[in-house]
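Position 1 is the first residue of the sequence; numbering continues from there. Excluded from the calculations below are hydrogen atoms, water molecules and symmetry mates; all remaining heavy atoms, backbone and side chain alike, are included.
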Amino acid sequence: MRVLVVEDEQLLADAVATGLRREAMAVDVVYDGAAALERVELNDYDVVVLDRDLPLVHGDDVCRRVVQLGLPTRVLMLTASGDVSDRVEGLELGADDYLPKPFAFTELIARVRALGRRTTAPLPPVLERAGIRLDPNRREVFRGEEQIQLAPKEFAVLEVLMRSEGTVVSAEQLLEKAWDENTDPFTNVVRVTVMTLRRKLGEPAVIMTVPGSGYRI
């Protein structure tokens, strides 16, 4: 899942981004509304965590732009105000969910995951394919009865491949879904991560390379 965090309080923005990355999400961070508009028009995000009171361009205008573009991106709006009227106004702008500050990080994670599920076709809560069972909420992976410990990026890559349901996923698509925008597009990080993932998942191999196209399970 790829997430954009838009928050002008830099310490809070960076803390939220760090926590989401620990949940195997690819996260970009910006600190004002103008930068947010640039990102949503450039990149494909599953969820935007959007502070309402932003400098340069107000969060309301960012939300309106996401709606105008017809993007499948879901918007979780944050605000320091917990008034019901503010929540209603935010939802009427096109936000998909609303979370007043201060918030529990566990609740933020749950809401981001729930919104992320709405951007894709409905799938079972636990993904199963080729003898692999992946639980996105518990962040657990099993092959048969054996639990497999994966690093966050390995988990993210495996989740993208399993959600593709047998279709080929290119290295570029994996970069987009599992890494943030600061990753060098010419890096071999995808190939190295897939190699490590194959080793951890064991034999027989379940991740197949499609020459010139990408990978599939």
Side-chain angles (χ1 to χ4, degrees), residues 1-79 90 93-99 108-109 111-121 152-153 155-157 159-161 163-164 167-191 193-194 213-215:
M1 184 189 304
R2 189 167 186 182
V3 180
L4 176 64
V5 175
V6 190
E7 167 63 62
D8 64 323
E9 296 181 39
Q10 294 193 19
L11 288 177
L12 176 59
D14 293 343
V16 168
T18 298
L20 293 174
R21 288 175 182 135
R22 287 175 180 163
E23 297 295 317
M25 300 181 196
V27 185
D28 297 332
V29 185
V30 294
Y31 308 110
D32 63 71
L37 288 177
E38 291 179 1
R39 294 304 192 283
V40 297
E41 294 190 20
L42 180 65
N43 301 318
D44 294 328
Y45 294 103
D46 298 296
V47 179
V48 174
V49 179
L50 178 66
D51 183 38
R52 191 170 184 185
D53 299 313
L54 293 170
L56 301 185
V57 177
H58 198 275
D60 289 358
D61 295 319
V62 176
C63 186
R64 287 192 189 96
R65 184 57 179 160
V66 171
V67 174
Q68 289 171 357
L69 290 170
L71 302 174
T73 304
R74 303 297 179 175
V75 176
L76 171 58
M77 190 169 277
L78 306 178
T79 182
L93 288 169
D96 297 278
D97 201 356
Y98 205 95
L99 188 60
L108 175 69
I109 291 289
R111 288 175 182 267
V112 170
R113 286 200 177 281
L115 290 176
R117 287 194 291 271
R118 296 187 201 172
T119 64
T120 57
K153 291 303 181 191
F155 187 95
V157 168
E159 183 175 359
V160 172
L161 290 172
R163 286 188 181 279
S164 71
T167 60
V168 176
V169 182
S170 69
E172 291 78 12
Q173 289 172 315
L174 287 173
L175 266 179
E176 181 178 302
K177 290 293 185 183
W179 279 269
D180 61 39
E181 65 182 1
N182 296 316
T183 304
D184 182 353
F186 300 104
T187 183
N188 66 349
V189 65
V190 171
R191 182 174 61 83
T193 302
V194 169
S213 297
Y215 306 93

Is it true that atom CZ of Arg22 has more than 12 heavy atoms of other residues, nucleotides or ligands lying nearer than 6.0 Å? no

Mind listing the closest non-hydrogen atom pair of Val112 and Val47 along with its distance? O-CG2, 3.7 Å

With Val3, which of Arg74, Met25, Glu23 fulfils side chain to side chain contact (heavy atoms under 4.5 Å, CB included)? Met25

Please round to the nearest 0.5 Å and tell me the distance separating atom CG of Leu50 and atom CG of Leu4. 8.5 Å

Give me the one residue out of Leu78, Leu99, Val29 that meets side chain to side chain contact (heavy atoms under 4.5 Å, CB included) with Val49. Leu78

Tyr31 and Asp51: side chain donor to acceptor below 3.5 Å: no

Looking only at heavy atoms, the pair that brings Leu76 and Tyr98 closest together is CD1-N, 3.9 Å

Indicate yes or no: does Glu159 engage Lys177 in a salt bridge with an N to O separation below 4.0 Å. no

Between the CG atom in Asp61 and the CG atom in Leu56, the distance rounded to the nearest 0.5 Å is 12.0 Å

For Gln173, the side chain to side chain donor-acceptor pair (under 3.5 Å) test, sequence neighbours excluded, returns Ser170

Taking only residues two or more places apart in sequence or in another chain, which ones pass salt bridge (charged side-chain N to carboxylate O under 4.0 Å, His left out) with Glu176? none

Considering non-hydrogen atoms only, spot the tightest contact between Cys63 and Ala95 and give its length. SG-N, 3.4 Å

